[in-house]
Amino acid sequence: MKGNLYTPVRNRGPEAPVVPGQERKSAAMLVLALSIHSFFEGLAIGVEKNGSGFHSTCCSNNCAQMCYSFCCGSRLIHCGKSVCEMFWCLFCMCVMTPIGISLAMVIVTTLDSNTILIVSGSIQGVSTGFFLYITFAEMLFQE
């Protein structure tokens, strides 16, 4: 069955029975978790002081975001979201990184040098924690 822009695409094979609404909740939680993770990754990018660290962190973030977007998109297709719903979910997830970068740059410009080191380490630690949670609890557990 083909779906247009506003109808969900359903292509289900023989699989275990699913509790009604659980797939949508799982997909919503994945989008929320990836959005929060993207925000904290943006914070980690924004606190970088030197250009090479900024560029390498941006490059690794872009590679990770491609993988996250693919996994999230396949999860949204699997649960029957329409193309319009998928677009808005992925848009909200991807826009969180620039918001995090902007906020971190504002924070870095207003703090003194000793406080920046503490804030930078804390933000990067939280970002790493979210990365590990998303990788091991959400993505690998589902597979």
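Owing to the predicted nature of the structure, the values given are computational and were not obtained by experimental measurement.
Distance CE/M66 to CG/N61: 10.5 Å, rounded to 0.5 Å. Of the inter-residue distances, the one linking L34 atom CG with C89 atom SG reads 11.0 Å to the nearest 0.5 angstrom. Atom OG of S82 and atom CD1 of I77 lie 11.0 Å apart (nearest 0.5 Å).
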Residues L90, C72; criterion side chain to side chain contact (heavy atoms under 4.5 Å, CB included); working and verdict: CA-CA 8 Å; L90 293 173; C72 187; 3.9 Å; yes
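The side-chain contact (heavy atoms from CB on, under 4.5 Å) check on C58 picks up I45, F54, with sequence neighbours excluded.
By the 4.5 Å heavy-atom criterion applied to side chains, E85 and L76 are not counted as neighbours.
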Would you mind writing out the side-chain donor-acceptor pairs for residues 93-107 within the sub-3.5 Å range, not counting sequence neighbours?
{"from": "T97", "atom 1": "OG1", "to": "S38", "atom 2": "O", "distance (Å)": "3.4"}
{"from": "S102", "atom 1": "OG", "to": "P98", "atom 2": "O", "distance (Å)": "2.9"}

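Relative orientation of the F91 and W88 rings is perpendicular, given thresholds of 30° and 60° on the angle between their planes.
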